Each structure stands twice: as C-alpha cells, then as structure tokens.
Amino acid sequence: MTETRKTTYREALNEGLREALQQDERVFLMGEDVGHYGGCFAVSKGLLEEFGPERIRDTPLSESTFTGAGIGAALGGMRPIVEIMTVNFSLLALDQIMNNAATYLHMSGGLFNVPLVIRMATGGGKQLAAQHSHSLEGWYAHIPGIKVLCPATMEDARGMLWPALLDPDPVLIFEPAVLYPMEGTLPEKPTPVAIEGAKVLHQGKDLSLISYGSSLHKSLAAAEQLAGEGIAAEVIDLRCLRPLDDTTIIGSVSKTHRALIVDEGWRSGSLSAEISARIMEQAFYQLDAPVERVCSAEVPMPYAKHLEEAALPQVETIVATARRMLNG
Amino acid sequence: MTETRKTTYREALNEGLREALQQDERVFLMGEDVGHYGGCFAVSKGLLEEFGPERIRDTPLSESTFTGAGIGAALGGMRPIVEIMTVNFSLLALDQIMNNAATYLHMSGGLFNVPLVIRMATGGGKQLAAQHSHSLEGWYAHIPGIKVLCPATMEDARGMLWPALLDPDPVLIFEPAVLYPMEGTLPEKPTPVAIEGAKVLHQGKDLSLISYGSSLHKSLAAAEQLAGEGIAAEVIDLRCLRPLDDTTIIGSVSKTHRALIVDEGWRSGSLSAEISARIMEQAFYQLDAPVERVCSAEVPMPYAKHLEEAALPQVETIVATARRMLNG
Amino acid sequence: MSKQLTDLEHDLALLRQMLRIRRFEEKSAELYSAMKIRGFLHLYIGEEAVAVGVAEALGAEDAVVATYREHGHAMVRGMSMRAIMAEMYGKLDGCCRGRGGSMHLFGVKERLYGGNAIVGGGLPVAVGLALADKLQGNNRVTCCCFGEGAVAEGEFHESMNLAALWNLPVLFACENNLYAMGTALELSESVTNLTEKTAGYGVPSAAVDGMDVVAVEAAAKQAVATIRQSGGPYFLESRTYRFRAHSMFDPELYRSKDEVEQWKQRCPIENLKTQLQQQGWLDDAKWAALEKEVADEVADAVAFAEQSDWEPVEELTRFVYSDREG
Amino acid sequence: MSKQLTDLEHDLALLRQMLRIRRFEEKSAELYSAMKIRGFLHLYIGEEAVAVGVAEALGAEDAVVATYREHGHAMVRGMSMRAIMAEMYGKLDGCCRGRGGSMHLFGVKERLYGGNAIVGGGLPVAVGLALADKLQGNNRVTCCCFGEGAVAEGEFHESMNLAALWNLPVLFACENNLYAMGTALELSESVTNLTEKTAGYGVPSAAVDGMDVVAVEAAAKQAVATIRQSGGPYFLESRTYRFRAHSMFDPELYRSKDEVEQWKQRCPIENLKTQLQQQGWLDDAKWAALEKEVADEVADAVAFAEQSDWEPVEELTRFVYSDREG
Ligand SMILES: Cc1ncc(C[n+]2csc(CCOP(=O)(O)OP(=O)(O)O)c2C)c(N)n1
Ligand SMILES: Cc1ncc(C[n+]2csc(CCOP(=O)(O)OP(=O)(O)O)c2C)c(N)n1
Ligand SMILES: [Mg+2]
Ligand SMILES: [Mg+2]
C-alpha cells in the first residue's frame, strides 16, 4: 500500500506548484501577490523564498497585461503559470484569454500554440458579495481553444498542474476558494493525473449526480444522505469542464436512467444546461425522468450569510430534488 | 391599413436612434466612430450632423472606460447609449458590464439602478476571422442583472431601443452584422414594441424551430423548404435572450412535440443548451423525439469563405436535421 | 501665529471625524473576530486624515466613488454608523439591506456610489457621473478615491485621458498607502512618483502629506477650486499608510514591524490631538468627553445592528432587476 | 555631402521594399473589388517608410507583433508575397492556411506573431515575448507595432509600465497616422504629443518623420541600440499618414481631400525616388526595371494564390487544439 499523509487542498496545490517549478526551468509563476504577500489565499506560500523573484513574480494590478504577457512568454518558449486572484478579476483579462490565447493556434493555421496555464480562485460561500463570488468556470467552458479544469480532490489539486503545463494549449484551472482549507490525504509520492475525463466517485444505480468543484462535495454528502433513505446515487466528478467527458456521463445515465446536475453557476446558461442538453441528445430514450438541475440562484451574490446560503446549491436541495425525481 | 415603406435593417436601427434622441434630451450616444466616421457599420450615419457632438460622442479606443462612463452617466441621470463596435471588443468592457452594470442595483440593496443601453454588432458571416466574428449574445445572457435583446426584424430593429431606454436596468442589444444590409418594410408610423417575449413568426404543427438573430432568417428559409416537403415547422423568434420566454417556447413544443434550436453561438454552453435544458425540465413528457441543436462549430472563426460557411449554421443543415427528426 | 477660534473649532471637528472612523473600525475588527462581521474587512486605520480632509472640500451635492476600504468615506459623507454597522452585520437596516457588506456601502443622500471592490473599477463610473453633470449643466464635482495600486490598471489611464479629453470635473483622489495588498509601490510602478503620471494627460496634480488632515483639506480645497474653475479633472495624491493588515487575512510578511511603527508615530489623530493640546485647545476632560461621545455612538451602532432584522430569504432575488419602471 | 556607394545601394534597397509593399497592396485593393479577397482589408499605402525603416533595425532573431494593417510588416520580415496573397485568398498555401486572412499574418521563421486585430491586443503579448527572452538570457528585441489609436487603450498603459518595471527589451513602435478609423488624434488623446506619454513610465522616447524612410531607419537603429544596451523598453513614434481609406468600407467623411493631397506630396516612395534620381543614382531605366521586377513578383503571387488549393472542409476544426503534445 502507498504511504499517505494528511494535508489540505491548499497545500496540495502548493505542492503541485513546487513540483512543477522544480521539474522544469521554463516554468514560472506570475500574478498579484503571489510572492511577497505569500499568496492571496496562501497557495503560493514559501515559493518566493525557494525559487526567487525571477520565477515567482509579483505583478502590478494589470490583469489584462500580465495575462497577455503570459501568452507572449509561452510563445517565447517559457511555461508560464498566470495566477488571477479571483474569477471576477479575470473579466479584465478576458480579451487576452478569448481573443488571443484561445485563437492564436487557429488564426495562425497551426503555427503558434500557446502553452499557458492560468489559475484562479472561483465561487461563493465566503460572504464576499457581488464582485468576488461568482462561479464562471462553466461559462469559460464555452470557449473553443482552451481547456478548463476544476480540481475538487486532493489528487487533482496536486496533480492537475503538471499535465496542464505539458499541454501545448492554454489550460485554465479554477480553484473553488471554499475548498482551500479542506482536509484530506494524499499518497506520499505524487501519482500521475489525467486532465481529461470525468470520474465516478461513488457508484449507484438509481440516479446520477453530476457535479464538480465545491458542489461535488455537496453531492457526495447528498449521496450519503440518500443512501440512508435507500436511494443509491452515483456521483460523478466532471473534473474537466472543457472538453466534457460524454462517455462517462452518458454511461452513468444509461445505467441509472435519471440525472441531476449540481452546478454552482447561475442557472441560465450554466454548464449544467450543456450537460442536460447532451443527455437529451445522446440518452433521451434511456431517461425515466427529465434531467434536473440544482444551480445558484440568478442573483449577483448577496453578502448576508443567510442570503448567500440561499443563493448557493445546498445538500438539502440536492437531496430533496433527488428524492422527488425518484418518488414523483 | 397602415402605410409601409421599404427600408433596411441598418436604416431601421438608425431611425430608432434618431427617434430616441429626439424624444428624450437625456439620451446620448457614445462609442468609437459613431460620429465623424459616420458609424462603423453606418448605423449612426447623419446623427452627428443632426444632434451635435455633445450627444453623438466619438470616444477614444477605451472600451472599458467609455462603457463604465455610460454606467456613471446613467447613475447621474442621463440615458446613455453606449455602442461597442463588435462583440469581441466588448470583452475589454466585460468587467464594467458584469461587475458594475449588472451588480449595482443588487449590491446597493435597490438604491442605484443603471438605466444604460449597450449596443453592439455580433456574429459571423463576413469573413472577418477569429477576432471579429463571434456570437456571444447567448453567452451574455448568462448574466443576472442585465437584459439581452437581439432584434432580427425591421420592427424590432427600429422599435427595441426606445423601450430599452425606458427600462430602469442595463439592456444589451446585439445587432447581427450580416443583417445590416437586409431589406424589408416598416410601417410609416413607429409601432410600439415590447422588449420581452418571443414571437411565433410562422405557425406549424410538426416541429418547433427556435431561433433568433441571423439564424432566424435561416430558420425561416428552412421552414419554407420543409413546407415543400410537407413538413410544417413552427418558427420562433426569441427576440429577448434574457429573460427567455418559457411560455412561448414550451407552448410551441407542447403542440409540435419536437424542437430544433438554431443558434450561431459555439455549441457547447450556447443559449441553445439552456433552451434544451428548459424543454427537458418543462416539457419532457410532451416530446416525441429528443430536442436537437444546430449551432456553430466550436472553432475560432476561420477567414476562408468555405470554412466560415462550414462553421456557421446553414439552411441545409437545419432542413436535414429537421427531416431526420421527423422521419426517424 | 495663533489660529483663529473658528479654525480651531474646525480642527476639533476634523479630529472628531477621524476619531469616529478610528473607533468605529477598531470595534469592527473586534466584531470580525467575534464573527459578527464576515467576508472581507478592510480597515482604514492610519489613513483617516485623507477621507476627512478630502471630504471638507466637497459639498453635499458632489459625488463620491470609493473602494472596498470605505467605511471612513461613508461616514464623512454623512452616513450613520448605524447604517454601516448594520450593513456589515448583513442586516435589513444596513445601508444596502445587508446585500453589500463592508465592501459595498452606497447612499443616495450621501451621493456615495460605492464601495467598489474591483480595483480601478470605480474610475470609469466617476468619469461618467462627471459627464452627466457636465451634460446637465450641474456645477458639481465627482471625487473618485482609489489606492495607488489602481494606478497600474488600464482603467486609470483610460479614465484620466477621457476626463481630460472631455474636460470633466473629476477629483482623482489617490490614497497612496505604499502597498497594494502585499505589493510595494516599487514592485508595481516603474515611476513611483505618482504625480508624474499625469503629465501625459495634461491633468494638474499635487501630492500632500496624507497624515496631516489640515494639509489634506487645504490641498483638496485647492484641487476642487481648480476643478470648479477649469471644469476639468485634477489628480491629488495623499501619501499615507495603513497601520493594520490589508484585510483580516494578511500575515503582513511584506513589510517590517519597524516600518509600521515609524508610520504610527505619524498617526493623524495623535498628531492633531497633541497640537490642539499644545495650543491649549484640548484638555483631558474635553478629550475624554470626545472619546465618550464617540464610544457611545459606536455602541449605539452595534446595538442597532444587533437588533435589526434579517432580510427575509424570500427576497433573495429582489434587486436583480428594478421593481419599478425607469 | 555626397553619400557613400553602399549607402546609396542601401537606399535603393529601401526604395525597393517600399515599392513592393505599395504595388502589392494596390493589387490587393483591386482583388478586393474583384471579390478575390474578402473580410477587412487595411492598406498601408503611404506608411511604407515606417515598417521598412523599423525593420532595418531588427535582426532575424528579433520578434515582431503587428496589427491588422500588417502586409508590409510581413514582407519586411521576409514573408513572400505568395504566402501573403494566398492567405488573403483564403487558400491552403497562405501563411496561415487561409484561416487568418489579411488581418492575421503569422510566420515562424519571420518571428511574426500576428497580425492582431484587437487594437492594443498585441502589446501585452510583445511584453511577454520580451520577458521570455530576458528569462532565457536571449539578447533579442521584440518590436510591437501599433497605431496611435491604441495609445488610448488601457493595455498600452499597463504594457508600458510592465515593460519598464521589469526592464524588458520591447520596442514600442507607434505608427501615428493621425486617425483611428475616423477618429482624429485630437478626439482621442488629451495630450496629442505622444512622446510625452512615456515620462510617466520612465521610458525613453523619440518621434521621427514617418514619411522619410532613412530617418525612420536611423531613429529605429538608435532605439534598438538603446534597448540592447539598457535591456529595457523604448517608445518610437513615427509620424505618418495613410493615403487610402481605413479599410474598404470607409467613406472618409472625417478628413478633407486637401489634407490627403498634401500628405501625398510627402509620399515616402516618391521622395526617396526623386532624391536618388537627383543624386544620379536612379535613372528611368533602372526605375522601370525595378517596377517590372516588383510587378512580376506581384503577378507571380497572384498566380500562386489563384492556383493554390483550398483547405478541405473536413479540416475545419483542426488547430483549435494542437495535434501534438507540447
Ligand atoms: C481588479 C482587481 N484585482 C485584484 C483585486 C484584489 N485586491 C483587492 S485590494 C487589492 C490591493 C489594492 O491596493 P490599492 O489600490 O493600493 O488600495 P489599498 O488596498 O492599499 O487601499 C487587491 C490586489 C481586486 N479587488 N480587483
Ligand atoms: C479593441 C478594439 N476596438 C475597436 C476596434 C475597431 N478598429 C479597428 S482598427 C481601428 C482604428 C485603430 O486606429 P490606430 O490604432 O490608429 O491604427 P490605424 O488603423 O490607424 O493603423 C478600430 C477602432 C478593434 N479592432 N479593436
Ligand atoms: Mg495601497
Ligand atoms: Mg491611426
């Protein structure tokens, strides 16, 4: 058996960064407060001391330009990791991400690929209100030319960065901010992780709970509760939001004949809609009931705790919806 | 009978602008080249001469700031119309649109609404390649706090602006660039137009073609072709992409039992996914076949004509898909 | 030269305002630890002279756009401690019904347009408010407060240019506290003298000791007078320092305790207090009375916030769109 | 002072390059009307001295990031007319297999990183290329060409600051042709002397007559020498003019025919040609031979483009992601 040890999601990310910086001289990290501050959410803590200011670069507050500089540095032979503090600020860099990073390879007819990794914190649950709490990773998954990852487990938190850096094309990694303090175990030795494919984390025959990120943990909790009621839910961690793993999704739904998607994005136009549409297209005749969705309320996130909780997907809502789907 | 006259989609928009500027002193237009150039796509032609440089304001190339200035001017009592030349450039202003325009009312607990209208050209079909051809209106429709319109007819081109200006909240109007030269007729006297609700433009019992913008015209052409084959397609113009008109959509699908959504957005995560998901949720038991989608290929738009055509929804694809849906 | 009586009374008023901010925020920090306040909480402690001084140059008709570090700005605009504290509690009687929290204070009669938590995000909005005034013939000023970190954002550049190009009455009030979170000014700007930034836009500028409220007031009045006369923008840099961490999650690895201590010697409240004492205008009793008054006001605000109701959950999606027609 | 033989031969080479661009673009305009080329087509006619002069200062190892008005830049970097023309035809033998078109020319051996059609969008990319060089210890320069309209974009400001702050070898080559589409410089910048913009970043700058290729070359060489010595950025403004419309859809309402005519008097090609003629270095026969050579090259490029194949439609979604591993 492999040795394991206790750690946190935050430390797992930190380890992933450290390993990448050790393994490849071309790798460097840049973003706001990644260095002297110790990382906005302490993810990059200690790296400045270990790798120095050339490779751990504090940037000015210039999201568009340091993201674009990441693109340029990638074109120039480096393997940059650009950190954008929070997904809301990435809107300032969206021109560079969509109009440049995602299009260079295609516009140039295959001449110039952009091996860039962009990481950012995402999601609500910390009472940070309407300018710091959105879950836009599913929205980003609309853009061809980029890949979109969302690690929800310790293994993925540590392991996804390296293959993302090996990928010849831009990869966006979204880290749900509420998961940073999450505790768990990791094998002592890093095990390779793929950056494609969903994973079935919990088997079940009655209903597929399809989820990712922080909602995954709510789905797992819901599955446990449902198990107590005699309902066997299968829980899928999407992991990779673009491209989506249709095989795993459709395979599960073909077995359970019922699907509930849990997605922290605002409901309309969220990733959950795409998954529902794909199930419609690929497994319509397998369904015993319409696919349903538990998403965030369509509201810029309110600050007050009770309102924020009401806005976000919660275990009770997942359980109640699943129960209704089976019994009703 | 009301008098009608021939005009173009472009002129209809121009008329709508002129009428709004005449009716309300607080209305002004600002954006790149709206004045001296005569409007990038000639939509604002002649307005500078008529209303002067205070109300027809050429801006520097500063998308983020002139959009944000529109927000501020709206807060300050004006009724600004901000023109962003092309949807791709709006990415530079997305921070202002999502983090400010869409959130002010909520963050302030209802104190400050933002009566702002933002117009922009959208879509492919003009061989403008990967940085000028995207159809992001469906993507924008994900954002709570804004309304999203897409006029596809002469009436809407002329009529949607005024109610959008009367709306207390930010309204985004997307103008498919390929439609500017489209010819049609308009009643001499402007008739009031609502900025909510979809419209059934063509009745049919066999299949619902749900569409908007430039794809609407392709859907209408497809319906005509299908009629020749004995298939009666109902064609819906969504008109308003946020909020969506579930009643009309579900009503039609409940009648036809089959739905095909035609949407120029990139397939994954497009508005078509949301519509499919809603039909799944609200009309699953009415469906005789899975809902299908004809969308753009997931590719940054190529320049070459044959490739661009292959990337965009086309009448033949709509017809073929509809046919397949009906014949098995 | 001995000051006039009215001047000294005025100084006392400034001192009082600064003390109100200080004590209110000290209490807020406590309440954060007690988990009554959550989310991000950014304290203005050490920087009070800036908001207080600048506010003196503005009238009730003028507008203010501030950042997430804006409790002080809300107060000097006349917002009650009650409304702010209740907001930070997330309560219905908060200025934004609990939807905004510490980073998003808004007020209609205060003409406070946020509380904006996107660095630089308030600059274009301020330009637009000034544009509205210009188009409507209002003789008003819009004051945009922002940290020196925001100077690196593209929106700073675009906003300076647009305000200058269109000659709009914006007071760009830069609060240079030397750090943007943990990033020192030298790590974010190639030219660290910020007043040199404005030549490229033709915008007049000045820098002032942001630890001296009287100096800030004078500089701000000068700035606003220039704006009212020219109709155009002005850039005022107040050189200041935050005594506390950036927010409640900051281990402060990026600066030395010594540096912080040295700046604390320049505490705007202590300094003005000492001056007034030396001039014989403030004795211990008067000071104690002032402290008492402020402490009472803070206590009252806390009590108010404690008692206030929560917005019913059913109202969650209210204020996504307006209830009424425009 | 009479010039050296080599200088004159060099001038002749410059003239030839400018003529190649001119004739190529004249043909392109024709082909646009003939609907062989579609989309947006932005001609560089009138501005040839800028790209040609700047290119002389760069080596093959240096990189260039250009805009949508970049046929000339591609040519001076050594891209064949064939590859460019085929690209504008949308053909497989185009430099980007027909996927980019006129606005998106790329070349690996030319180190041409676009052809960027987002105004200002290439600036951060250029900064990043220079950063890569610095981190890898390469002694290379990245030249970013952009119009004066881009100066208003936030990315200009951010990029200037970052390049200066990190001391990166970027040549900011501003092509000031006085208009951004139909927006005159006075309508877009509060300070129209663009070299004054750079003081706020501590970036050295110079302006040069962009209608004089020899002057541009000298200024660019000076700029690049400064960059190679300091390791840091430089801002060079070339004052020029486009003789044609902004694109093929421009009624040119925003400027007078007179103004255009006056600038045409300063045609960089005519002027150098006249000079060389006066100096006795260019006779009619030589000029005719040059014209013929260029005309042949253009005709060859058109023939090549005509004959080239189309990318099979089945390849539509290729190059959205790489075929290979990184
Ligand atoms: C666009 C954006 N990027 C990053 C952040 C995260 N952030 C919040 S405050 C801050 C520092 C800002 O510093 P400064 O402008 O100097 O203001 P100060 O906090 O010192 O008052 C940062 C980086 C943000 N809120 N918005
Ligand atoms: C961000 C962005 N906004 C607007 C446009 C539309 N546009 C294309 S070229 C142009 C004018 C740019 O002028 P300038 O930078 O001076 O370059 P020039 O065309 O004169 O060479 C505009 C507004 C664009 N391509 N990108
Ligand atoms: Mg600061
Ligand atoms: Mg120009």
Side-chain angles (χ1 to χ4, degrees), chain B residues 31-42 44-46 48-49 53 57-66 68 85-86 88-93 95-96 124-133 177 180 266-267 296-312, chain D residues 37-40 68 87-92 94 96-104 114-121 147-156 179-185 187-190 246-247 249-255 310-320:
Chain B
E32 290 155 13
D33 294 306
V34 296
H36 295 82
Y37 188 84
C40 174
F41 295 100
S44 56
K45 205 170 153 185
L48 173 65
E49 293 69 23
R57 308 184 75 90
D58 279 327
T59 62
L61 279 150
S62 307
E63 284 79 3
S64 192
T65 285
F66 68 71
M85 237 180 231
T86 294
N88 281 71
F89 318 152
S90 75
L91 301 179
L92 286 160
D95 164 54
Q96 288 296 329
K126 294 162 67 89
Q127 289 192 250
L128 300 181
Q131 293 183 327
H132 279 70
S133 306
Y180 286 131
W266 291 308
R267 184 181 180 95
S296 279
E298 307 205 23
V299 57
M301 199 59 77
Y303 159 72
K305 191 180 175 61
H306 65 302
L307 295 177
E308 185 181 41
E309 277 176 0
L312 293 171
Chain D
I37 300 174
R38 295 279 81 194
F40 283 155
Y68 45 85
E87 185 59 31
M88 297 202 291
Y89 266 67
K91 296 288 187 82
L92 191 51
C96 303
R97 305 172 69 113
R99 282 180 170 76
S102 162
M103 302 199 286
H104 304 298
N116 200 309
I118 302 296
V119 172
E148 89 296 336
V151 171
E153 292 282 5
E155 287 180 338
F156 170 79
Y179 294 92
M181 286 188 62
T183 302
L185 184 55
L187 292 179
S188 102
E189 288 295 325
S190 57
H246 166 74
S247 71
F249 303 99
D250 171 6
E252 290 187 74
L253 305 170
Y254 49 84
R255 60 183 189 181
W310 302 102
E311 176 89 87
V313 165
E314 296 66 46
E315 298 279 353
L316 170 65
T317 57
R318 209 175 148 201
F319 309 126
V320 179

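Side-chain atoms are counted along with the backbone in the values below, which use heavy atoms only and exclude waters and symmetry mates. In this text, all values refer to a predicted model and were calculated from it rather than measured experimentally. Every chain is numbered from 1, with letters handed out A, B, ... down the list of sequences.
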K.L.:
Could you look at F319(D) and say if it's the side chain, the backbone, both or neither that has a heavy atom under 4.5 Å from chain B?
P.N.:
neither
K.L.:
Below 4.5 Å, heavy-atom pairs only: which of V151(D), T317(D), L187(D), L185(D) has the largest tally toward chain B?
P.N.:
L187(D)
K.L.:
Could you state the interatomic distance from CE (M181(D)) to CG (D58(B)), rounded to the nearest 0.5 Å?
P.N.:
10.0 Å
K.L.:
For side chain to side chain contact (heavy atoms under 4.5 Å, CB included), just list the numbers for V313(D) and E309(B), CA-CA rounded to whole Å, side-chain angles, deciding distance to a tenth of an Å, and then say yes or no.
P.N.:
CA-CA 9 Å; V313(D) 165; E309(B) 277 176 0; over 6 Å; no
K.L.:
Relative to chain D, which of V299(B), L128(B), L91(B) shows the most heavy atom pairs under 4.5 Å?
P.N.:
L128(B)
K.L.:
Rounded at 0.5 Å granularity, tell me how far CZ in R97(D) sits from CG in L307(B).
P.N.:
10.0 Å
K.L.:
Show your working on side chain to side chain contact (heavy atoms under 4.5 Å, CB included) between Y37(B) and T183(D) and close with a plain yes or no.
P.N.:
CA-CA 7 Å; Y37(B) 188 84; T183(D) 302; 5.9 Å; no
K.L.:
Within the distance-only criterion (no hydrogens, no angle test), does the side chain of Q127(B) pair as donor or acceptor with the backbone N or O of R38(D) below 3.5 angstrom?
P.N.:
no
K.L.:
Determine the minimum heavy-atom distance between L316(D) and A297(B), stating which atoms define it.
P.N.:
CD2-CB, 3.7 Å
K.L.:
Which heavy atom of L61(B) sits nearest a heavy atom of A180(D), and at what distance?
P.N.:
CD1-CB, 4.0 Å
K.L.:
Is it the side chain or the backbone of E298(B) that comes within 4.5 Å of chain D heavy atoms, both, or neither?
P.N.:
backbone
K.L.:
Which one of C96(D), G154(D), G101(D) has the most heavy-atom pairs closer than 4.5 Å to chain B?
P.N.:
G101(D)
K.L.:
Of all of P53(B), S62(B), P300(B), which one pairs up most often with chain D through heavy atoms under 4.5 Å apart?
P.N.:
S62(B)
K.L.:
Top residue by heavy-atom pair count (under 4.5 Å) with chain B, among K91(D), M103(D), E252(D), E311(D)?
P.N.:
E311(D)
K.L.:
Can you confirm whether K305(B) is buried at NZ, in the sense that more than 12 heavy atoms of other residues, nucleotides or ligands lie under 6.0 Å from that atom?
P.N.:
no
K.L.:
As an exercise, state the distance from CD of E63(B) to CD1 of I118(D), rounded to the nearest 0.5 Å.
P.N.:
8.5 Å
K.L.:
Please name all residues satisfying side-chain contact (heavy atoms from CB on, under 4.5 Å) with T59(B), sequence neighbours left out, ordered by chain then number.
P.N.:
M30(B), E32(B), F66(B), W166(C)
K.L.:
Between Y303(B) and H104(D), is there a side-chain heavy-atom distance shorter than 4.5 Å?
P.N.:
no
K.L.:
Tell me, for I37(D) versus chain B, whether the close heavy atoms (under 4.5 Å) come from the side chain, the backbone, both or neither.
P.N.:
both
K.L.:
Which region of E189(D), side chain (C-beta onward) or backbone (N, CA, C, O), has a non-hydrogen atom less than 4.5 Å from a non-hydrogen atom of chain B, or is it both or neither?
P.N.:
neither
K.L.:
Which class fits the ring pair W310(D) and H306(B): parallel under 30°, tilted 30 to 60°, perpendicular over 60°?
P.N.:
perpendicular
K.L.:
Roughly how far apart are H132(B) NE2 and Y68(D) OH, rounded to 0.5 Å?
P.N.:
8.5 Å
K.L.:
With chain B, which of A152(D), S188(D), G90(D), G100(D) has the greatest number of heavy-atom pairs at distances under 4.5 Å?
P.N.:
A152(D)
K.L.:
Looking at every non-hydrogen atom in both residues, tell me the closest pair between E155(D) and L92(B) and how far apart they are.
P.N.:
OE2-CD2, 4.2 Å
K.L.:
P312(D): what forms a side-chain contact (heavy atoms from CB on, under 4.5 Å) with it, not counting sequence neighbours?
P.N.:
E314(D), E315(D)
